[in-house]
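To start, the structure itself, in C-alpha cells.
Residue numbers start from 1 in every chain, and the chains themselves are labelled A, B, ... in the order their sequence lines are given, proteins ahead of strands.
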2 protein chains.
Amino acid sequence: MRKTKQKEAILGVLRSTISHPTADWIYNEVRKEIPNISLGTVYRNLRLLYQSGEIAELDMCGTLSRFDARQDEHYHFRCEKCSQVFDVDEPVNKEIDGRIALKTGFVVEYHRLEFRGVCRKCQDS
Amino acid sequence: MRKTKQKEAILGVLRSTISHPTADWIYNEVRKEIPNISLGTVYRNLRLLYQSGEIAELDMCGTLSRFDARQDEHYHFRCEKCSQVFDVDEPVNKEIDGRIALKTGFVVEYHRLEFRGVCRKCQDS
DNA sequence: TTAGGTGCAAAACCTTTGCCATCCC
DNA sequence: GGGATGGCAAAGGTTTTGCACCTAA
C-alpha cells in the first residue's frame, strides 16, 4: 500500500476523533486540508485501510438488511465467505446490559451479539 | 395494520425459512405466489411488520458504515435516538468464541457486541 | 519506469416515495 | 365511504467503478 497525502489525511482525521464517523463526515473533514479530494478517494482509502487492518469498520453497508421472523432474542453467526447468517443457540446474557448501564449512565435496552468466521460449508470448499 | 394477502405471503415466506433472507430474496419467493407484487410493497410490509414487532431486522442498511481507528478490540453502544456510536469499556470475552466454535463446527474468528439504547444526552432532551 | 493512486463523473445498488387505483373494514 | 395498501416508476442516498492523468517507490 503506497503512502499518499490523501491516505495520511484520512487516517489523521480518524485518529483525531473519538466519534465513529461516516465516510461523508470524514470526506468533509479531509476537504479542509485537501479541498479537491474526491469522495471516491475517501471510500477507496477507507477500504484499503480496513483491509490492511489499520482501521475497523462497523456495519459495512454492503451487507444488506436481513429479516428474521423469530420472536425470541438470540445471537447470530455471519459467515465472512458466503455472507449467510445463522442462528446461534447460546443463552442470552441479560445481566450484562445492567452492568453497562451502570458503567455508562446510558439506558441499555438490549444488545446484539454477532459471531464472525467461516461456516462449515465454506470450510469444505 | 390491515391484513392483506401480500402481507400474509411475506410473513409466510419468512416463517418458512431458517435463513435470514434479504428483501430481494423474499421478493423473489413471494412472486411465486403473487407474480405481480412489487418490491416496494415488500419493503413497505417488512417495515410495517418490523414496527409492529412481528419480525426482527438485522443490519438495517439505513445505518451508514462507520469507521474507527482504534486498534484494540472493544464493544460499542449505539444510541437509537441520535444514531451516534460510542466505545464501551468492557473487557472482551474471548472464551466465548471457542465455545461457539465447538457447538457449531464453524470457525469463529471474532465476535461483535453492540449495546442499544439511549445515550445520556438524548435522555435529557 | 511503472504499478498503484487520484479526481471526476457515471453507474450500480438498495431502499424509499409519490401518485393514483384498489381493497379492506 | 374512506382511510390504508398496492403497483409502478421515479427519486434518493450511499458506495463502487471506469478512465485518463499523476506520483510515490
B/T4 has a side chain; which of D/dG6, D/dG7, C/dG7 sits nearest to it? D/dG6
Could you say whether B/I37 or B/R2 is positioned toward the 5' end of DNA chain D, judged by the nucleotide with the nearest heavy atom to each? B/R2
Between A/F86 and B/F106, is the ring centre distance below 6.0 Å? yes
B/E114 bridged to B/R78 by N-O distance under 4.0 Å: yes
For a quick check of understanding: with a heavy-atom distance under 4.0 Å over all strands, which category does B/L39 fall into, base, sugar-phosphate or nothing? base
Look at the side chain of B/R31 against the base of D/dG7 and say whether a donor-acceptor pair falls under 3.5 Å; ignore hydrogens and angles. no
If you pin B/M1 and B/N36 to their nearest nucleotides in DNA chain D, which one's is more 5'? B/M1
Starting at CG of B/L113, measure out to CD1 of A/I96 and round the result to the nearest 0.5 Å. 5.5 Å
Could a donor-acceptor pair under 3.5 angstrom be found where the side chain of B/R44 meets the base of C/dG18? yes
If you look at every strand shown and take non-hydrogen atoms under 4.0 Å, does B/D24 touch a base, only sugar-phosphate, or nothing? nothing
Judged by atom type as modelled, is there a donor-acceptor pair below 3.5 Å linking the side chain of B/H20 to the main-chain atoms of A/V85? yes
Nearest to side-chain heavy atoms of A/T41, which nucleotide of C/dG7, C/dG5, D/dC8: C/dG7
